[in-house]
Amino acid sequence: MDESKLYGELTPSGGGDPIPLLKRKLLVGRRPSCDITLRFPNVSSHHCELELINGYWFVRDLGSANGIKVNDSRCDQKWVFPGDTLTVAKHRYEMSYHGLGDRPEDEEENPFSKSLMEKAGLTGGGRRKRIPEPVDIPKVQTDDDVAMEWLMGDRGN
């Protein structure tokens, strides 16, 4: 794989320098270790992944808190064709590249694959619920316990 090859660009919609797509698989996020670093507080540390498959780019959300959109439609994964707009959190980019070969079918997401809560972004997004640590609760002896011990033959002898 030739790492110096340019596979396309993401051009910020509000102006700014285009971001070169230099590898066939790119991790996009806020962390400096990402292939494409977007230093915005609403971008997750590992937000999404772009992958060049058979000459066309495909984007996958990685469980980010603020999601992705292709052409203003929120999605978990989708083909991003030349001229499409990719939104990462609220940051819009135009995808520029020359597709090769037959254009893949852009399959619609299965409408039954997610609950309404997930579709509304109310579950499954980036933040994890904190599970409390188990607490040892001391056993308190009740009158029922004393009666059960007496019935079972343990009468304190």
Using modelled atom types and a 3.5 Å cut-off, is there a donor and acceptor pairing between side-chain atoms of [X] and backbone atoms of [Y]?
{"X": "Ser64", "Y": "Gly67", "answer": "yes"}
{"X": "Asp35", "Y": "Leu27", "answer": "yes"}
{"X": "Tyr56", "Y": "Gly101", "answer": "yes"}
{"X": "Ser45", "Y": "Arg31", "answer": "no"}
{"X": "Asn66", "Y": "Asn42", "answer": "yes"}

**Message:** Under the criterion side-chain contact (heavy atoms from CB on, under 4.5 Å), I'd like the reasoning laid out for Val28 against Cys34: C-alpha separation, chi angles, the key distance, then a yes or no.
**Reply:** CA-CA 6 Å; Val28 180; Cys34 292; over 6 Å; no

Which atom names give the shortest non-hydrogen contact between [X] and [Y], and what distance separates them?
{"X": "Glu94", "Y": "Ser13", "answer": "N-OG, 4.4 Å"}
{"X": "Gly63", "Y": "Asp61", "answer": "N-OD1, 2.7 Å"}
{"X": "Pro12", "Y": "Gly16", "answer": "CD-O, 4.0 Å"}
{"X": "Phe81", "Y": "Arg103", "answer": "CD1-NH2, 2.9 Å"}

From [X] [atom1] over to [Y] [atom2], what is the distance, rounded to the nearest 0.5 angstrom?
{"X": "Lys25", "Y": "Arg60", "atom1": "NZ", "atom2": "CZ", "result": "6.5 Å"}
{"X": "Leu26", "Y": "Arg24", "atom1": "CG", "atom2": "CZ", "result": "11.0 Å"}
{"X": "Phe58", "Y": "Leu52", "atom1": "CZ", "atom2": "CG", "result": "12.5 Å"}
{"X": "Ile68", "Y": "Glu49", "atom1": "CD1", "atom2": "CD", "result": "10.5 Å"}

Check the hydrophobic clustering (I, L, V, M, F, W, Y; side-chain heavy atoms under 4.5 Å; chains of links allowed) and say if [X] and [Y] are grouped together.
{"X": "Ile19", "Y": "Val43", "result": "yes"}
{"X": "Val88", "Y": "Trp79", "result": "yes"}
{"X": "Leu62", "Y": "Leu38", "result": "no"}
{"X": "Leu86", "Y": "Ile53", "result": "yes"}

**Prompt:** What's the verdict on side-chain contact (heavy atoms from CB on, under 4.5 Å) for His47 and Arg30, showing C-alpha distance, side-chain angles and the deciding distance?
**Reply:** CA-CA 8 Å; His47 201 97; Arg30 194 178 65 243; over 6 Å; no

**Request:** Please report the C-alpha distance between Arg92 and Asp72 in whole Å, then the side-chain angles of each, then the deciding distance to 0.1 Å, and finally whether the side-chain contact (heavy atoms from CB on, under 4.5 Å) criterion is met.
**Result:** CA-CA 9 Å; Arg92 294 169 49 100; Asp72 298 322; 2.6 Å; yes

**Request:** In sequence, state the C-alpha distance, the side-chain angles, and the governing distance for Tyr97 and Val80, and then conclude on side-chain contact (heavy atoms from CB on, under 4.5 Å).
**Result:** CA-CA 10 Å; Tyr97 71 100; Val80 187; 5.5 Å; no

**His91 and Phe40 aromatic ring geometry - parallel, tilted or perpendicular at 30°/60° bounds** =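 Geometry flag for His91 against Phe40: parallel rings.
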
**Item:** Among Thr11, Leu21, Val70, Asn71, the one residue meeting side chain to side chain contact (heavy atoms under 4.5 Å, CB included) with Met95
**Value:**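 Testing each of Thr11, Leu21, Val70, Asn71 against Met95, the sole residue satisfying side chain to side chain contact (heavy atoms under 4.5 Å, CB included) is Leu21.
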
